[in-house]
Q: 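For reference, the structure I am asking about is given below.
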Amino acid sequence: MDLLELREKIDTIDAQIVELYERRMEISRQVAEYKINTGKKVLDRQREQEKLAKVKNLTHNAFNRRGVEELFEQIMSMSRKLQYQLLTQKGSLGKLPFIGVDALETNHTRVVFQGAEGAYSQEAMMRYFGDRINSFHVDSFRDAMNAIDEGSADFAVLPIENSTAGIVNEIYDLLQEYENYIVGEQIIKIEHCLLGVKGASIEDIRTVYSHPQSLMQSAKYLAQKDWQQISMQNNAFAARKVAQEGDRTQAAIAGEHAAGIYGLEVLQRQINHSDTNSTRFIIVTNQKIFQKDAKKVSICFEVPHESGSLYHMLSHFIYNNLNMTKIESRPIEDRNWEYRFFIDFEGNLADSAVKNALRGLREEARNMKILGNY
């Protein structure tokens, strides 16, 4: 046979495969109707494993066994997605435990941020909420999460990601640990300044204090100086220390906002080497709410520690035409080499496509949690 004849034969077989696939999906639709009426779960892992073993035994060599296994995993995955879709359409999904609101209450609300007066977190808070709030600061991210968890604050402002330094690992872990939820975000452009006491000059400086990431982000500038670099928990703490000690040989790397608060002079502006350096802050509360015009959903989940499990989870976004914008992983405590995945994707909890994807993920992933819609 020549190539044209072989391709014609493949086309004939492919048409038969499509016909059989559509017949199979129609039966899957009937299975979904049965499950809706009986309350039976869509995913039956034991049934699927038995089915895979059976079809693999129908093949005649090892290559085909692996290929048929992969093919039927996809076919059964499509069948489940159809059933999830029908469950959503029939209202059998169940209501998500989140309430849509027109807007967040921001007047005279209580807001907590980590650090000290002059921190970038405070600047993010002021940009998001304005000045008609009651605010206070705490020493650690956990303290901030505790404050909203216990009700002493309505919202917390926390840094979750920097465009050059990456994610803030502790924030991801705390989001999974606490029953607190993201309801907004604020992006702040980071412009590090060298701050000294009144009357000091750059020639006086011998020691510089700042957060480790700020020191790293200013590395090119600092490489030109023979200064001792000392890490601190927060940029604002560094500015406060320099102001309190009044030593002309000490400087802090922080934002210009901190200079005004602590009465320091800006000795040099924009010492960080990236002009596009920005930090994304999240607004967190202990209420399961989301603004009705929210456009981003954040979730986390665990997957079975087996081949292809993450792929099958991500397929729910593809099938529902949802754009995934971010994925991160964090190790799971006390379970070596297993990971929890954090995902951001575009959508609103009221959208049927989002509901459908979340239904599939909740059925098939381990410990899936909605972190917020904002």
Side-chain angles (χ1 to χ4, degrees), residues 113-128 137 140-141 157-172 185-245 247-282 325-330 342 344:
F113 64 93
Q114 183 270 339
E117 297 288 331
Y120 285 115
S121 294
Q122 185 185 35
E123 184 179 349
M125 177 189 71
M126 300 301 291
R127 293 247 194 117
Y128 190 87
H137 53 86
S140 71
F141 297 140
V157 180
L158 301 167
I160 192 168
E161 178 184 15
N162 179 267
S163 59
T164 60
I167 66 170
V168 183
N169 290 331
E170 185 180 353
I171 299 299
Y172 279 87
E185 66 178 358
Q186 179 68 54
I187 297 175
I188 296 290
K189 185 176 181 181
I190 303 300
E191 294 183 344
H192 293 321
C193 298
L194 185 71
L195 310 180
V197 299
K198 296 288 185 181
S201 67
I202 292 179
E203 289 70 26
D204 295 326
I205 304 305
R206 297 291 178 270
T207 306
V208 62
Y209 299 90
S210 195
H211 188 275
Q213 285 187 356
S214 300
L215 293 172
M216 178 193 70
Q217 292 161 4
S218 307
K220 289 184 180 179
Y221 176 82
L222 294 174
Q224 305 170 34
K225 311 294 183 182
D226 188 22
W227 296 343
Q228 182 182 13
Q229 300 177 31
I230 298 179
S231 298
M232 296 200 70
Q233 184 181 1
N234 184 278
N235 291 353
F237 291 156
R240 185 175 65 184
K241 173 181 174 60
V242 170
Q244 289 175 344
E245 297 188 359
D247 187 340
R248 292 165 61 96
T249 69
Q250 294 182 354
I253 295 175
E256 190 167 352
H257 177 60
I261 288 177
Y262 293 108
L264 298 173
E265 287 190 355
V266 178
L267 305 181
Q268 181 75 53
R269 286 180 171 82
Q270 294 182 324
I271 65 172
N272 46 306
H273 55 261
S274 174
D275 292 333
T276 60
N277 186 11
S278 299
T279 295
R280 182 165 68 98
F281 293 84
I282 53 174
T325 58
K326 189 175 185 62
I327 181 169
E328 298 286 349
S329 64
R330 293 286 300 140
F342 294 80
D344 294 347

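The analysis underlying the following values was restricted to heavy atoms, covering all of them including side chains, and did not include hydrogens, waters or symmetry mates. If you read the sequence from its start, that first residue is 1, and numbering goes on from there.
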Q: side-chain contact (heavy atoms from CB on, under 4.5 Å) for Val208 and Lys225? Distances and angles first, verdict last.
A: CA-CA 10 Å; Val208 62; Lys225 311 294 183 182; over 6 Å; no

Q: If every non-hydrogen atom of Leu195 is compared with every non-hydrogen atom of Ala239, which pair is closest and at what distance?
A: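 Leu195 and Ala239 have their closest heavy atoms at CD1-CB, 4.4 Å.
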
Q: Which residue pairs pass the salt bridge (Lys or Arg N to Asp or Glu O under 4.0 Å) test with at least one member in residues 247-274, sequence neighbours excluded?
A: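 For residues 247-274, and leaving out neighbouring residues, the salt bridge (Lys or Arg N to Asp or Glu O under 4.0 Å) pairs sorted by first residue read Asp204-Arg248, Glu256-Arg269.
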
Q: Measuring from Asn162:CG to Thr279:OG1, what's the distance to the nearest 0.5 Å?
A: 4.0 Å

Q: CD1 of Ile171 to CZ of Phe342: how many Å apart, nearest 0.5 Å?
A: 11.0 Å

Q: Classify the ring geometry between His137 and Phe113 as parallel (under 30°), tilted (30 to 60°) or perpendicular (over 60°).
A: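 Judged by the thresholds at 30° and 60°, the geometry between His137 and Phe113 is tilted.
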
Q: Heavy-atom distance under 4.5 Å between the side chains of Ile205 and Thr249, does that happen here?
A: no

Q: I would like to know whether Gln186 and Val157 meet side-chain contact (heavy atoms from CB on, under 4.5 Å); could you show each step before the answer?
A: CA-CA 9 Å; Gln186 179 68 54; Val157 180; over 6 Å; no

Q: Which pairs, with at least one residue in residues 192-217 and sequence neighbours excluded, count as a ring pair (Phe, Tyr, Trp, His ring centres under 6.0 Å)?
A: Tyr120-His192

Q: So Leu222 and Gln229, do their side chains get closer than 4.5 Å, heavy atoms only?
A: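 Yes, their side chains come closer than 4.5 Å.
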
Q: Do Ser274 and Asn272 meet the criterion of a side-chain donor-acceptor pair at a distance under 3.5 Å?
A: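 Ser274 vs Asn272: no donor-acceptor pair found between side chains.
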
Q: Give the minimum heavy-atom separation between Ile160 and Tyr172, together with the two atoms involved.
A: CG1-CE1, 3.6 Å

Q: Looking only at side-chain N and O atoms, does Asn277 offer a donor or acceptor that is under 3.5 Å from a partner on Gln217?
A: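 Asn277 and Gln217 do have a side-chain donor-acceptor pair below 3.5 Å.
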
Q: How many angstroms lie between NZ in Lys241 and CG in Asn234, if you round to the nearest 0.5 Å?
A: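 CG of Asn234 is found 14.5 Å from NZ of Lys241.
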
Q: Applying side chain to side chain contact (heavy atoms under 4.5 Å, CB included), can you list everything that pairs with Ser278, at least two apart in sequence or on another chain?
A: Ser163, Ile187, Lys189

Q: Tell me the closest heavy-atom pair linking Gly118 and Ala236, and the distance in Å.
A: C-CB, 3.8 Å

Q: Does any part of the side chain of Phe281, heavy atoms only, come nearer than 4.5 Å to the side chain of Arg127, both counted from C-beta?
A: no

Q: How many angstroms lie between CD1 in Ile190 and CD in Gln213, if you round to the nearest 0.5 Å?
A: 10.0 Å

Q: Work out which heavy atom in Ala251 is nearest to a heavy atom in Leu194; give both atom names and the distance.
A: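 What the structure gives for the nearest pair is CB-CD1, 3.7 Å.
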
Q: For Glu117, is there any backbone N or O sitting under 3.5 Å from a side-chain donor or acceptor partner on Tyr262?
A: yes

Q: Where do Ile253 and Ser214 come nearest, in terms of heavy atoms and distance?
A: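 Heavy atoms only, the tightest pair is CG2-CB, 4.2 Å.
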
Q: When rounded to the nearest 0.5 angstrom, what distance separates CD in Gln228 from OG1 in Thr207?
A: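 These two atoms lie 5.0 Å from each other.
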
Q: Would a distance-only check, ignoring hydrogens and angles, find a side-chain to backbone donor-acceptor pair under 3.5 Å from Thr325 to Asp344?
A: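 Confirmed, Thr325 side chain pairs with Asp344 backbone.
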
Q: Output yes when Arg330 and Glu328 qualify as a salt bridge under the 4.0 Å nitrogen-oxygen rule, no when they do not.
A: no

Q: Nearest 0.5 angstrom please: Glu161 CD to Lys326 NZ, how far?
A: 3.5 Å

Q: Work out which heavy atom in Ser218 is nearest to a heavy atom in His273; give both atom names and the distance.
A: N-ND1, 4.4 Å

